[in-house]
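Written below as structure tokens is the structure these notes are about.
By convention in this document, chain letters (A, B, ...) are assigned in the order of the sequence lines, proteins followed by strands, and residues within each chain are numbered from 1. Not measured: the values here are computed from a predicted model.
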Number of protein chains: 2
Amino acid sequence: MYKRSPIQAQEHVTAERKRREKLGELFISLSKVVPGLKKLDKSSILGDTIEYMKELQQQVKVLEETKKNIPSACENIKENVNCIDQVVESKIKARILDKSVLINIHCNKQDGVVGRILFEMEQLHLSVNDIRIMPFGPTNLEISILAEMENGCCITVQDIVNALQINILDQVQSAVA
Amino acid sequence: MYKRSPIQAQEHVTAERKRREKLGELFISLSKVVPGLKKLDKSSILGDTIEYMKELQQQVKVLEETKKNIPSACENIKENVNCIDQVVESKIKARILDKSVLINIHCNKQDGVVGRILFEMEQLHLSVNDIRIMPFGPTNLEISILAEMENGCCITVQDIVNALQINILDQVQSAVA
DNA sequence: CGGCACACGTGATAC
DNA sequence: TGTATCACGTGTGCC
């Protein structure tokens with residue numbers, strides 16, 4: 001029950017007032033960094049801050065997890081690199097069924113590629129019934145050709161692939177790994 | 001300048017006490033979700049909370065950015081390769097170039113095959129940009145699909161080929177030589 | 001002792 | 001009209 005001297009009392013008041021000011025400013029600052037704040041009373045600010053903070057922490061946790069999974073995803077890609085050698089030959093694929101011929105070519109874009117292919121088909125005595133060219137990425141083409149052997153012609157898939165390989169892809173292949 | 005009745009005064013005291021209690025508990029709760037808190041006075045709690053919150057927000061921002069860059073991160077790894085192929089028994093072929101995916105399927109005609117393929121594409125988070133179906137002879141189909149990986153998706157050719165192999169061809173394959 | 005932080009009761013005020 | 005919240009001055013304890 002001791003009282004202070006008037007001077008001390010006034011200092012106390014001032015100090016306390018200053019402290020409250022600081023606290024009030026901190027509340028305002030806090031309310032500005034917490035988005036979606038509806039009520040602005042202190043309890044709501046603290047409550048929503050806690051809630052929002054937990055969301056942020058969980059979000060960081062999730063994102064960190066996905067970040068950890070990036071290397072493994074890239075590892076899968078690395079593993080598949082080994083398969084390329086076996087695939088080089090299958091950049092051209094040919095199928096024969098009776099007199100029908102189905103050809104699949106994967107190559108990079110280059111002026112006159114389709115023209116040279118059609119010329120080669122003519123040389124092979126294959127009449128083209130359908131040809132579809134799909135762009136794949138900025139530099140590649142996927143070409144499907146449906147053809148038919150001309151009368152009296154009997155050709156093998158090996159002949160087709162060889163002819164196309166020599167006359168088409170060998171000249172355009174360099175950019176494709 | 002109106003005074004309250006003694007009863008009302010007491011209620012006011014109780015209410016105010018309860019409010020302070022609530023605020024105090026909120027401060028404690030807040031201090032528990034903010035890590036690395038050295039001082040436990042209210043100003044420090046609020047200040048460190050603001051600081052920590054800003055760090056979290058920036059961290060989330062950065063992680064979101066890196067998340068968007070996952071494909072490019074993978075791109076760096078496979079930039080030497082530029083293109084990755086894989087052939088499974090040459091009935092299914094998949095290629096990946098950046099986010100583009102090119103799939104080639106050779107199978108026999110059967111009701112619902114295309115539907116099942118498209119469903120599988122959806123399961124793989126691949127959005128189909130183009131699909132072309134060429135009949136080859138009376139019983140066979142040659143299907144070419146041009147698709148694109150959906151955002152945040154990083155899939156391998158092996159995944160694609162396996163999924164299609166299991167869910168499509170294994171059920172329809174018998175008639176194909 | 002002084003500096004600091006807190007809880008308390010109280011009056012004022014907004015809805 | 002009660003039912004909230006707030007700021008204020010004060011008492012008290014802790015370095």
Side-chain angles (χ1 to χ4, degrees), chain A residues 1-69, chain B residues 1-69 151-152:
Chain A
M1 303 285 180
Y2 294 110
K3 280 248 187 170
R4 305 171 205 251
S5 82
I7 307 176
Q8 291 169 340
Q10 188 55 32
E11 283 176 356
H12 185 39
V13 170
T14 312
E16 180 66 12
R17 199 185 328 241
K18 189 177 174 186
R19 173 180 163 269
R20 278 196 304 263
E21 257 178 42
K22 189 165 116 191
L23 254 167
E25 290 175 6
L26 283 173
F27 265 103
I28 294 178
S29 300
L30 180 57
S31 69
K32 285 187 179 176
V33 293
V34 178
L37 220 51
K38 179 171 170 123
K39 304 274 291 179
L40 283 183
D41 65 278
K42 298 181 181 177
S43 297
S44 301
I45 293 178
L46 290 190
D48 292 352
T49 296
I50 295 174
E51 194 177 358
Y52 174 64
M53 181 103 76
K54 288 181 180 175
E55 289 180 17
L56 270 190
Q57 288 172 339
Q58 193 178 358
Q59 199 173 350
V60 169
K61 205 170 182 180
V62 172
L63 288 180
E64 293 267 2
E65 277 304 314
T66 64
K67 187 182 175 184
K68 294 227 167 193
N69 291 337
Chain B
M1 310 281 184
Y2 293 111
K3 278 261 199 162
R4 305 168 205 254
S5 81
I7 307 176
Q8 290 170 338
Q10 189 56 34
E11 285 175 356
H12 183 39
V13 169
T14 313
E16 182 65 12
R17 204 194 317 250
K18 190 176 174 183
R19 172 180 164 272
R20 280 196 302 265
E21 245 178 56
K22 192 166 100 186
L23 257 166
E25 290 176 5
L26 283 173
F27 266 102
I28 294 179
S29 300
L30 180 57
S31 69
K32 287 187 178 176
V33 293
V34 178
L37 220 50
K38 179 166 170 125
K39 305 273 290 179
L40 283 183
D41 65 280
K42 296 180 181 178
S43 296
S44 301
I45 293 179
L46 290 189
D48 292 352
T49 296
I50 295 174
E51 193 178 356
Y52 175 63
M53 181 104 75
K54 288 181 180 176
E55 287 181 18
L56 270 190
Q57 289 172 339
Q58 193 178 359
Q59 199 172 351
V60 168
K61 205 171 184 179
V62 170
L63 287 180
E64 295 267 3
E65 276 306 313
T66 65
K67 185 183 175 185
K68 296 220 169 192
N69 292 336
N151 274 344

Sorted by position of nearest nucleotide on DNA chain C, 5' first, the leading residue of A:Q8 and B:S43 is A:Q8
Requested in this report: Answer yes when B:E16 and B:R19 have at least one side-chain N-carboxylate O distance shorter than 4.0 Å, and no when they do not.
Outcome: yes
Scanning both residues in full, the closest heavy-atom pair of B:V34 with B:D48 reads CG1-O, 4.4 Å
B:L23 CG to D:dT5 P, in whole Å, measures 8 Å
B:E16 atom CD is separated from D:dA4 atom C1', nearest whole Å, by 10 Å
The nucleotide from D:dT10, D:dG9, C:dC8 with an atom nearest the side chain of B:R17 is C:dC8
A:K18 NZ to C:dC4 P, in whole Å, measures 8 Å
Go through the steps to decide whether B:L46 and A:L46 satisfy the test side chain to side chain contact (heavy atoms under 4.5 Å, CB included), and finish with yes or no. CA-CA 9 Å; B:L46 290 189; A:L46 290 190; 3.9 Å; yes
Does atom CD of A:E51 have more than 12 heavy-atom neighbours, drawn from other residues, nucleotides or ligands, at distances under 6.0 Å? no
For DNA chain D, the expected dot-bracket line (Watson-Crick or G-U under 3.5 Å, [ ] crossing, | inter-strand) is .|||||||||||||.
CG of A:L23 to CG of A:L30, rounded to nearest 0.5 Å, is 11.5 Å
Among the nucleotides C:dT10, D:dT12, C:dA7, whichever has the atom closest to the side chain of A:H12 is D:dT12
Of B:T14 and A:A15, the one whose closest nucleotide on DNA chain C sits nearer the 5' end is A:A15
DNA chain D nearest-nucleotide lookup for B:E11 and B:R19: closer to the 5′ end is B:E11
Side-chain contact check for A:R20: nearest option of C:dA12, D:dA7, D:dT12 is D:dA7
Here the pair of heavy atoms bringing A:S43 nearest to B:L26 is O-CD1, 3.5 Å
A:E21 atom CD is separated from D:dG9 atom P, nearest whole Å, by 11 Å
Taken to the nearest whole Å, CG/A:L26 to P/D:dA7 is 13 Å
Looking only at D:dT5, D:dA7, C:dA5, the nucleotide nearest the B:D41 side chain is C:dA5
Here the distance between atom C1' of D:dG2 and atom CD1 of B:I7, to the nearest Å, is 15 Å
Rounded to whole Å, the CZ-P distance (A:R4 to C:dC1) equals 11 Å
* Within the structure shown, what part of the strands sits under 4.0 Å from A:K22 by heavy-atom distance: base, sugar-phosphate, or nothing? -> nothing
Worksheet item: Does OP1 or OP2 of D:dA7 have a side-chain N or O of A:K42 closer than 4.0 Å?
Response: yes
Separation of C:dC6 atom P from B:L40 atom CG, nearest Å, is 10 Å
Please indicate whether B:I7 has more than 12 foreign heavy atoms, meaning atoms of other residues, nucleotides or ligands, lying under 6.0 Å from its CD1. no
